[in-house]
Amino acid sequence: IGVDTHMHRMFNDLKWVKSKNPEQTREQLEGWLPKEKWAEVNMLWVGFGQESQQQKQKMLKKILASSRPVEAMALAEKVGLNIKKEGKKYGLEDDIKKALGQEEQED
């Protein structure tokens, strides 16, 4: 598994590993993740990490358009995307409130 800085941070934030550098993260992931899943995990999480760290507006719009925006926002927060701050920065505050309000109505 190729682990960059973004993935290293995310996997620690998610508590999948407890490591001090990307190499330790890779070793720990490979210790418990089945080898046949390595390529999938790598492809999925590299893109997720790049968007959550570098393309925040794009990530937030995808979250809001998802079928489960509240859960998606919770995951993004866990990996360091500040939903309120980025929502304000990109003028998406009303969309975030709407998504949160819809979830409350469905419960």
Side-chain angles (χ1 to χ4, degrees):
I1 300 174
V3 176
D4 65 8
T5 301
H6 302 299
M7 291 172 67
H8 164 67
R9 282 190 205 124
M10 282 190 313
F11 292 136
N12 274 281
D13 289 342
L14 292 169
K15 306 216 182 314
W16 286 15
V17 299
K18 187 174 182 181
S19 60
K20 294 182 180 181
N21 58 56
E23 180 62 17
Q24 287 180 354
T25 299
R26 181 193 61 78
E27 290 170 356
Q28 289 179 28
L29 286 171
E30 289 177 355
W32 63 265
L33 189 68
K35 191 169 187 169
E36 62 271 10
K37 298 290 184 187
W38 291 3
E40 288 178 61
V41 165
N42 215 53
M43 183 175 67
L44 175 70
W45 287 99
V46 166
F48 185 85
Q50 289 172 344
E51 284 191 15
S52 67
Q53 298 293 316
Q54 300 168 353
Q55 300 170 356
K56 295 174 183 176
Q57 182 179 18
K58 181 179 178 181
M59 172 70 93
L60 193 48
K61 286 182 177 183
K62 283 183 179 182
I63 288 168
L64 294 168
S66 74
S67 61
R68 299 177 71 177
V70 173
E71 291 87 344
M73 282 188 262
L75 175 61
E77 288 273 355
K78 281 185 179 180
V79 297
L81 183 65
N82 185 322
I83 298 295
K84 286 185 179 182
K85 176 184 169 190
E86 299 304 326
K88 184 175 183 177
K89 181 177 179 180
Y90 298 115
L92 297 170
E93 294 166 297
D94 290 340
D95 297 312
I96 292 168
K97 288 178 187 174
K98 182 179 175 186
L100 292 171
Q102 284 178 339
E103 183 71 17
E104 290 171 7
Q105 292 172 1
E106 292 174 9
D107 289 340

Exercise. Is W45 reachable from W32 through a run of I, L, V, M, F, W or Y residues, each pair having side-chain heavy atoms under 4.5 Å apart?
Worked result: yes

Exercise. With a 4.5 Å limit on heavy-atom distance, are the side chains of I1 and L33 in contact?
Worked result: yes

For this session: Could you check if a side-chain atom of H6 sits within less than 4.5 angstrom of a side-chain atom of F48, using non-hydrogen atoms only?
Result: no

Exercise. About how many Å separate CG of N42 and CZ of R26, when rounded to the nearest 0.5 Å?
Worked result: 11.0 Å

For this session: Taking the side chain as every heavy atom from C-beta outward, state whether V17 and Q24 have any atom pair closer than 4.5 Å.
Result: no

For this session: Could you tell me whether the side chain of K89 reaches within less than 4.5 Å of the side chain of K85, counting heavy atoms only?
Result: no

For this session: Taking all non-hydrogen atoms of both residues into account, name the closest pair between H8 and K20 and its distance.
Result: CE1-C, 3.5 Å

Exercise. How many angstroms lie between CE in M10 and CG in L14, if you round to the nearest 0.5 Å?
Worked result: 7.5 Å

Problem set entry | Main-chain N/O of I83 paired to E77 side chain as donor or acceptor, under 3.5 Å | yes

Exercise. Would a 4.5 Å heavy-atom cut-off, applied to side chains only, mark Y90 and K56 as touching?
Worked result: yes

Seminar exercise, completed: All heavy atoms of E86 vs all of L60, minimum pair found to be C-CD2, 3.9 Å

Problem set entry | Any donor-acceptor pair under 3.5 Å from W38 side chain to E30 backbone | no

For this session: Kindly compute the distance separating CD1 (I96) from NZ (K98), expressed to the nearest 0.5 Å.
Result: 13.0 Å

For this session: List the atom of S52, the atom of L81, and the distance in Å for their closest heavy-atom pair.
Result: O-CD1, 3.8 Å

Problem set entry | Gap between atom CD of Q50 and atom CE of M59 - 0.5 Å precision | 10.5 Å

For this session: Quick one: pull up OG1 in T25 and CE in M7 and give me the separation to the nearest 0.5 Å.
Result: 9.0 Å

For this session: Could you tell me how the ring of W16 sits relative to the ring of F11: parallel (under 30°), tilted (30 to 60°) or perpendicular (over 60°)?
Result: parallel

Exercise. So, for L64 and M73, which heavy atoms are closest and what is the spacing to 0.1 Å?
Worked result: CD2-CE, 4.4 Å

Problem set entry | Which atom of Q28 lies closest to which atom of S19, heavy atoms considered | NE2-CB, 3.6 Å

Seminar exercise, completed: Minimal heavy-atom distance between A72 and I63, with the atoms involved, is CB-CG2, 3.7 Å

